[in-house]
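These notes concern the structure reproduced below.
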Number of protein chains: 2
Amino acid sequence: MLKTEKKVSFFDSVSPFVKVSPQSKSALLSVMVKEHFPKGHVLVPLGNICRHVYYIEKGLSRTFYIKDGKEITENFCIENTFTCSMPASITNIPDNRQIELLEASIIWSMSYTELEKLYDDYHDIERLGRFVVTNELVGMHQRLSDLQFRSAEERYNNLVQNNPTLLQRVSLGLISSYLGITQETLSRIRSKN
Amino acid sequence: MLKTEKKVSFFDSVSPFVKVSPQSKSALLSVMVKEHFPKGHVLVPLGNICRHVYYIEKGLSRTFYIKDGKEITENFCIENTFTCSMPASITNIPDNRQIELLEASIIWSMSYTELEKLYDDYHDIERLGRFVVTNELVGMHQRLSDLQFRSAEERYNNLVQNNPTLLQRVSLGLISSYLGITQETLSRIRSKN
DNA sequence: CTGATTTTTTGATAAATGTCAAAGGAAAAG
DNA sequence: CTTTTCCTTTGACATTTATCAAAAAATCAG
């Protein structure tokens with residue numbers, strides 16, 4: 001694959017916050033593998049330990065697990081974000097999280113092991129890693145406080161406000177699970193407005 | 001203050017995971033200020049932008065905010081962990097999180113600005129930062145999945161299982177808020193057992 | 001276009017949790 | 001020791017949300 005094909009929008013989106021040197025950039029790109037996947041493709045199937053980090057250039061993924069026979073959607077990841085099973089990647093302990101693509105997607109994968117080598121060798125890549133994880137953490141704080149003491153209706157209205165696009169791309173069954181409510185409850189909330 | 005007084009248990013607890021050079025260690029210690037505070041002391045009062053990171057050598061803190069006139073306890077932090085308002089620290093945008101001490105505590109504070117300077121100068125300190133944030137994120141994942149689809153009773157039993165000490169140190173009103181339920185509901189859950 | 005499949009809505013009812021008020025208990029202060 | 005304050009429990013009732021079943025609507029495959 002030609003170097004010139006390896007343009008990743010990611011560097012543009014973080015460049016205001018993290019300076020990544022040309023050498024680091026090309027080191028990163030050398031461990032990133034770009035692939036096209038169809039809708040429904042499972043990046044991390046059940047039973048696998050997630051040992052890669054995925055950058056979504058185009059498309060949409062969801063992370064989910066099964067509880068009491070039902071699929072619980074933990075998270076959606078869209079263009080220009082990373083996804084992986086964080087607990088599995090860093091602890092190397094299998095969890096039951098699966099990651100599947102909800103749309104035809106362009107995904108850059110990198111092995112977590114190789115990424116860790118880059119962390120050793122390039123300070124600015126480590127910074128990038130810290131930056132990504134820190135941002136993720138701030139997002140989780142928001143999410144947590146939503147679930148802790150907001151009603152289902154407030155959570156739904158928040159989503160409509162902050163992430164209207166997602167509603168157009170994802171079926172309501174998955175959205176309801178993400179919000180921590182049943183599909184029926186979501187339907188009733190929507191019909192109130 | 002003598003260097004020899006600046007022993008921090010933290011380095012011991014992370015040393016299996018992150019190697020920190022003697023130089024980095026002393027650079028870190030040079031920006032850390034150790035203080036004793038009484039029970040009830042407010043590290044981050046309402047209206048302040050949290051611009052410090054606090055390491056708890058001894059004691060216990062809680063992070064809380066006010067919603068609809070009620071205090072919501074977002075988090076507890078115990079010995080050998082860090083606390084700060086992550087959203088405020090990294091975005092520099094005021095949030096309404098306060099941090100108070102629930103016990104007489106020994107706290108090491110460091111200014112976030114100075115920490116960022118150390119991140120620039122010492123790769124291994126940046127690694128340490130990434131490590132701390134990543135662990136925090138994994139904990140948040142657990143917490144989130146608890147709130148997303150577990151009943152109040154399951155959440156309480158989880159806490160008893162995973163963090164029995166906390167129950168002995170913190171009043172039930174704060175615990176219930178942390179679990180996302182009312183004090184009355186918690187009381188009833190407890191009386192069932 | 002048409003039948004099959006999936007998604008969404010609606011209804012009836014049950015379970016979980018919240019709210020308000022008050023009573024008991026425990027801990028702190030004098 | 002006694003009083004005051006704070007913490008916890010209990011009761012009655014309201015509200016939110018889940019569950020189960022079925023109908024309606026939308027999407028997909030041929």
Side-chain angles (χ1 to χ4, degrees), chain A residues 38-42 60 62 64 66-73 76 100-104 143-160 164-193, chain B residues 38-42 60 62 64 66-73 76 100-104 143-160 164-193:
Chain A
K39 175 177 178 172
H41 177 79
V42 180
L60 176 60
R62 74 160 180 143
F64 68 101
I66 299 190
K67 187 197 179 242
D68 302 335
K70 282 176 201 159
E71 290 188 358
I72 312 276
T73 294
F76 299 106
E100 73 164 7
L101 300 174
L102 300 180
E103 299 176 355
R143 186 96 190 279
L144 187 83
S145 72
D146 267 23
L147 284 170
Q148 196 176 357
F149 268 112
R150 287 188 204 281
S151 69
E153 188 166 354
E154 282 181 291
R155 276 176 273 158
Y156 173 72
N157 290 333
N158 269 238
L159 186 71
V160 172
T165 327
L166 204 58
L167 284 162
Q168 293 158 353
R169 295 169 74 178
V170 178
S171 74
L172 293 175
L174 301 186
I175 294 282
S176 66
S177 174
Y178 173 77
L179 293 173
I181 57 181
T182 62
Q183 190 170 325
E184 293 93 328
T185 298
L186 179 58
S187 177
R188 291 185 175 107
I189 287 168
R190 283 161 57 86
S191 69
K192 279 209 274 183
N193 304 339
Chain B
K39 176 178 178 172
H41 178 79
V42 179
L60 176 60
R62 74 160 180 143
F64 68 99
I66 298 189
K67 186 196 180 242
D68 302 336
K70 283 177 200 156
E71 290 188 358
I72 311 276
T73 293
F76 300 106
E100 72 164 8
L101 300 175
L102 299 180
E103 300 176 355
R143 185 94 191 280
L144 187 83
S145 72
D146 266 24
L147 284 170
Q148 197 176 357
F149 268 111
R150 287 187 205 281
S151 69
E153 189 167 355
E154 283 180 291
R155 277 175 272 157
Y156 174 71
N157 290 333
N158 269 240
L159 185 70
V160 172
T165 326
L166 204 59
L167 284 162
Q168 293 157 352
R169 295 170 74 179
V170 177
S171 73
L172 294 174
L174 301 185
I175 295 282
S176 66
S177 173
Y178 173 78
L179 292 172
I181 57 180
T182 61
Q183 189 170 324
E184 294 92 330
T185 298
L186 179 57
S187 178
R188 290 185 176 108
I189 287 168
R190 283 161 56 85
S191 69
K192 279 209 274 184
N193 304 338

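In what follows, chains carry the letters A, B, and so on, assigned in the order in which the sequence lines appear, proteins first and then strands, with residues in each chain numbered from 1. From a predicted model like this one, the values you see are computed outputs, not experimental measurements. What's counted below: heavy atoms across the whole structure, side chains too, no hydrogens, waters or symmetry copies.
- A donor-acceptor contact shorter than 3.5 Å is absent between the side chain of T73(A) and the backbone of S177(A).
- In this model, the phosphate group of dT19(C) is approached by a side-chain N or O of K70(B) to a distance below 4.0 Å at OP1 or OP2.
- Residues of residues 166-175 of chain B having a heavy atom closer than 4.0 Å to DNA chain D, listed by number: S171(B), L172(B), G173(B).
- Here dT8(D) presents its P atom at 13 Å from CD1 of I181(B), a figure rounded to the nearest Å.
- Between the CZ atom in R190(A) and the CD1 atom in I175(A) there is a gap of 9.0 Å [rounded to 0.5 Å].
- Between S176(B) and T182(B), the closest heavy-atom pair is CB-O, 3.6 Å.
- Taking CD from E153(B) and CG from N158(B), the interatomic distance works out to 11.0 Å, rounded to the nearest 0.5 Å.
- When the shell of 6.0 Å around NZ of K70(A) is examined, it contains 12 or fewer heavy atoms from other residues, nucleotides or ligands.
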Query - Step-by-step side chain to side chain contact (heavy atoms under 4.5 Å, CB included) determination, E100(A) to E71(A) - result: CA-CA 12 Å; E100(A) 73 164 7; E71(A) 290 188 358; 5.6 Å; no

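- What separates CD1 of I189(A) from C1' of dT10(C) is a distance of 15 Å, to the nearest Å.
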Check: protein-nucleotides 10-14 of chain D nitrogen or oxygen pairs below 3.5 Å:
residue : atom : partner : partner atom : Å
dG11(D) : N7   : R188(B) : NH2          : 2.4
dG11(D) : O6   : R188(B) : NH2          : 3.0
dA12(D) : N6   : R188(B) : NH2          : 3.4

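- Minimum interatomic distance between K39(B) and L102(B) (heavy atoms only, all atoms of both residues): CG-O, 3.4 Å.
- Put simply, CG on L147(A) and CG on D146(B) are 11.0 Å apart, with the number rounded to the nearest 0.5 Å.
- Geometric assessment of R155(B) against the ring of Y178(B) yields a negative cation-pi assignment under the 6.0 Å and 45° thresholds.
- Between K192(A) and dT10(C), a side-chain N or O to OP1/OP2 separation shorter than 4.0 Å is absent.
- Taking atom CD of E153(B) as the reference point, atom P of dA16(C) lies 8 Å away to the nearest angstrom.
- dT17(D) atom C1' lies 18 Å from atom CZ of R190(A), rounded to whole Å.
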Which atoms of nucleotides 22-28 of chain C (N or O only) lie under 3.5 Å from a protein N or O atom, and what are those distances?
none

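- For the pair L102(B) CG and dC6(D) P, the interatomic distance rounds to 16 Å; values are reported in whole Å.
- Protein atom OH of Y156(A) is 11 Å distant from nucleotide atom P of dT8(C), rounded to whole Å.
- To the nearest 0.5 Å, atom CG of residue L179(A) and atom CD of residue E154(A) are 12.0 Å apart.
- When distances are taken from the side chain of S151(B) to each of dT19(D), dG18(C), dT17(C), the shortest belongs to dT17(C).
- Residue E154(A) contributes atom CD, which lies 17 Å from atom P of dT15(D) at whole-angstrom precision.
- Judged by distance alone, with hydrogens and angles left aside, the side-chain atoms of K67(A) form a donor-acceptor pair with the main-chain N or O of F149(B) at under 3.5 Å.
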